[in-house]
Trainee: 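Supplied in structure tokens, the structure appears directly below.
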There are 2 protein chains.
Amino acid sequence: MAVEPIPSATGLGSSLPPASARERYEPLDSRSVVEFVRPVLPAAWRAEEIGDGNLNLIFRVFDEHDRTVIVKQALPYLRIVGDSWPLTLERARIEGDALALQDRLAPGLVPRLLGYDADRKAIVMEDLRSFEVWRTELNAQRAYPRAAADVGRFCGQMFMRTSNLLCPPEEWKGLLARSVNPELCAITEDLVFTAPYVDAPSNDVEAHLTAEAEALRNDRELVEAAAALRHQFRTRAEAFIHGDLHTGSVMVSTSGTRMIDPEFAFMGPMGFDSGAVLGNLAMAFIAHWAQGHEPFAATVARDARAFWDALAGSIAELWPADEPWRDRFIANLVTDSAHYAGAKMIRRIVGLAHVSDITGIGDPSVRRRAQAAVLRGGRALVCAPEIADLAGLWKLAVEAV
Amino acid sequence: MAVEPIPSATGLGSSLPPASARERYEPLDSRSVVEFVRPVLPAAWRAEEIGDGNLNLIFRVFDEHDRTVIVKQALPYLRIVGDSWPLTLERARIEGDALALQDRLAPGLVPRLLGYDADRKAIVMEDLRSFEVWRTELNAQRAYPRAAADVGRFCGQMFMRTSNLLCPPEEWKGLLARSVNPELCAITEDLVFTAPYVDAPSNDVEAHLTAEAEALRNDRELVEAAAALRHQFRTRAEAFIHGDLHTGSVMVSTSGTRMIDPEFAFMGPMGFDSGAVLGNLAMAFIAHWAQGHEPFAATVARDARAFWDALAGSIAELWPADEPWRDRFIANLVTDSAHYAGAKMIRRIVGLAHVSDITGIGDPSVRRRAQAAVLRGGRALVCAPEIADLAGLWKLAVEAV
């Protein structure tokens, strides 16, 4: 197994209609998109626009037998100011390349990529009509027994297959160079590692949390640890990570699991992905525990264990026989995951973009208790020294509830 | 201060004669090189070829007033097999780009870049006629009081000015992508982190060290630590490092100091450069101590201190005021430096390419004692847990002699 440079991974697009020149980019509409997908859905006959038309146009295209595909096309007007269009073009390329790579290295765990037109900035992919957003299902106390293990396998396969433990150096360095993603990484650096620790205008702090948010900004040990963690996020090019792997980026069903929306992908620290999963599961646990849903909280805790076991199992399976330091590697990964999980938890309470697990708690006093527990768990994780195993991580994450 | 993308840093080449097409690349000769440098040395009139013509052609070009410049042109026949020429072209670009960047960010500490012709793969630079190789001078017990501090300032300035602590994200990621250097990094990965720990054909082990070399390969803790360190070398893109900063890459004089030969440069761990300096100084110390040159050994120890103080001082001076974790950063750097210094020491005894500090010891029993001390010091450093300061590093490095 060897990772090819991403360009060849996106050769799928050649089965689509001839590329129009970049200057002749036009948004698709529900008529033209039908023609557009014919090479991969020959009997296509009608389409519905299903997205909100904000960052992307999203169409569901049907054929005569009611088979469907999804077309996602980047729109040029995400940021009205200045040079938004070139950045948007680049983001569309990144998402297309990322999906192509993930589809090849972790098959069956992302939407199947059916076509990709670099000039039209459009991806044709598997429709996930029968899937639900994992976070929504967790909130509703609906268990998906295979989801957590599938996410763990996704992480393990992507981590190992895009690490230089398996990639030849030339290919790996090519992937590194091609996968720089400055714009989206800058968003993460700001929202996850910086804004929560300063009085940033982007922060969204509920009135009753003002004192907690201020205490956090004055917590020198925490602020230092977060800054050091930001440096690690920026500089540790360990593997091609998803970059935004929270429970809202996971689509679940009884028959399978798919990771979606990889536009934040880049060569970064593995622990950022595994930490995102564990931090979000910890918030789900805390929310349910605070609301008295002990049985489902226990299900979430089992999900965290299933995720980690599948991740560690995939790593063990793919680990090259001549690399003698696997145990040290796994130990480092659990510690890194703890740090990033903590940063993810804190930003979801006092930064921009909260999570419905917590905001959806109707009783204000229960919500406040959950918020405080997430902040304390997050702080404990960010500041933790070396952590031996998942149990140690989970204890720090949730014991404050 | 902001790092520009490297392409613009090499715009200096525009003052040279119009670039010939790549297909029309021709090696310079002592006649054509005179014409070649006229734009930067108008009264040029004769040239001498001074290199060995192995990897590069090197010319010293004189003008009528006996002012000189050096021209270094990459040759296409480094590796006779297969695709050697494209790789050589790329290496020449990397060296030219690296020198241009270093000349701008650490002015006065590398040979002044006077011109760079990307098509001819030729650099025109300051002549270092009045300089000597630091390693040679150390071996001869000649002290250069400013050298160590200059090397420390070079490291500090390059580390900070190419780190994302000072670079805007877009520029930093551009530098990262442009600076991948797979071919030369693969050489380091193999010779420093892999070959000494397996029975590699490239290893050059003196007969009397066979048992020590074998013991080292069977030292599981050491082998694991070296493998983990190789992973860090590959994945920690902290700053634009020189990549081969031993005492043979430092030219010294009473009036100044220059770092040369940056063809191994890439975005890597800072500690690899500072560790190279300290590991090589530790070997110089051990060699002199073993030979009974206590006073000069003490001079070398003072050099190590002067290097570190200048490095830490430069970091402190350039450290952004809003980054609260400087002490942790310096502490991490001393630990990383220790690990890489140890790896450098070990490879110089049982790997390819030994150092004249040790090989130049005439008395076999003294040489053997020095070699054993380098191996023990190197092992202690590679396996060291966190190290608090330079004194802790130095003690581990040299106490075995």
Side-chain angles (χ1 to χ4, degrees), chain A residues 83 87 163-165 167-190 194 197-198 220-239 266-270 320 322-329 331-332 385-386, chain B residues 83 87 163-165 167-190 194 197-198 220-239 266-270 320 322-329 331-332 385-386:
Chain A
D83 53 358
L87 295 173
S163 86
N164 50 42
L165 296 168
C167 289
E170 293 272 344
E171 292 174 15
W172 191 85
K173 298 274 185 178
L175 183 61
L176 173 64
R178 183 160 171 84
S179 305
V180 296
N181 190 353
E183 191 195 22
L184 280 288
C185 284
I187 293 174
T188 301
E189 291 165 19
D190 181 36
T194 304
Y197 306 96
V198 296
R220 186 164 174 89
E221 185 190 352
L222 176 64
V223 170
E224 281 186 17
L229 203 54
R230 185 181 58 216
H231 186 70
Q232 292 184 13
F233 174 78
R234 286 169 163 167
T235 57
R236 299 201 175 171
E238 297 171 353
F266 77 115
M267 294 294 277
M270 301 175 183
D322 61 347
E323 288 290 353
W325 56 295
R326 191 177 79 192
D327 293 346
R328 182 194 294 238
F329 178 92
N332 288 343
E386 289 189 16
Chain B
D83 52 1
L87 294 174
S163 86
N164 50 42
L165 296 167
C167 288
E170 294 271 344
E171 291 175 14
W172 191 84
K173 299 272 186 178
L175 183 61
L176 172 64
R178 185 162 169 83
S179 306
V180 296
N181 190 354
E183 191 195 21
L184 280 288
C185 285
I187 292 173
T188 301
E189 291 165 20
D190 181 36
T194 303
Y197 306 97
V198 296
R220 186 165 174 87
E221 184 188 353
L222 177 64
V223 170
E224 281 187 17
L229 204 54
R230 185 181 59 215
H231 187 69
Q232 292 183 13
F233 174 77
R234 286 168 163 167
T235 58
R236 298 200 175 171
E238 297 171 354
F266 77 116
M267 295 293 278
M270 300 175 183
D322 61 346
E323 288 289 352
W325 56 295
R326 191 178 77 191
D327 293 345
R328 183 195 292 237
F329 178 92
N332 289 343
E386 290 188 15

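Residue numbers start from 1 in every chain, and the chains themselves are labelled A, B, ... in the order their sequence lines are given, proteins ahead of strands. The basis for the numbers below is simple: all heavy atoms, side chains too, and nothing from hydrogens, waters or symmetry mates.
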Trainee: Report yes if some heavy atom in the side chain of B:Trp325 is under 4.5 Å from a heavy atom in the side chain of A:Leu229; otherwise report no.
Mentor: no
Trainee: What part of A:Glu323 gets within 4.5 angstrom of chain B, counting heavy atoms only: side chain, backbone, both, or neither?
Mentor: side chain
Trainee: Quick one: CD on B:Glu183 to NZ on A:Lys173, what's the gap to the nearest 0.5 Å?
Mentor: 12.0 Å
Trainee: A:Arg230 versus chain B, heavy atoms under 4.5 Å apart: side chain, backbone, both or neither?
Mentor: side chain
Trainee: Can you list the steps and then say if B:His231 with A:Asn164 is a side-chain contact (heavy atoms from CB on, under 4.5 Å)?
Mentor: CA-CA 8 Å; B:His231 187 69; A:Asn164 50 42; 3.6 Å; yes
Trainee: Of the listed residues (B:Leu176, B:Leu165, B:Val180), which shares the most heavy-atom pairs with chain A below a 4.5 Å separation?
Mentor: B:Val180
Trainee: Examine whether an atom of B:Ala225 lies under 4.5 Å from a heavy atom of chain A, and if so say whether it belongs to the side chain, the backbone or both; otherwise answer neither.
Mentor: both
Trainee: Taking atom CE of A:Met267 and atom OG1 of B:Thr235, what is their separation to the nearest 0.5 Å?
Mentor: 9.5 Å
Trainee: Which bit of A:Arg328 is near chain B, if near means a heavy-atom gap under 4.5 Å: side chain, backbone, both or neither?
Mentor: side chain
Trainee: Between A:Pro169 and B:Pro182, what is the shortest heavy-atom contact and its length?
Mentor: O-CB, 4.3 Å
Trainee: Which region of A:Glu189, side chain (C-beta onward) or backbone (N, CA, C, O), has a non-hydrogen atom less than 4.5 Å from a non-hydrogen atom of chain B, or is it both or neither?
Mentor: side chain
Trainee: Out of B:Ala186, B:Pro269, B:Ala239, B:Ala237, which one racks up the most heavy-atom pairs below 4.5 Å with chain A?
Mentor: B:Ala237
Trainee: Spell out, as yes or no, whether a donor-acceptor pair under 3.5 Å connects the side chain of A:Arg220 to the backbone of B:Pro324.
Mentor: yes
Trainee: Give, as side chain, backbone, both or neither, the part of A:Phe266 having an atom under 4.5 angstrom from any heavy atom of chain B.
Mentor: side chain
Trainee: Answer yes or no: is there a side-chain heavy-atom contact under 4.5 Å between B:Arg236 and A:Gln232?
Mentor: no
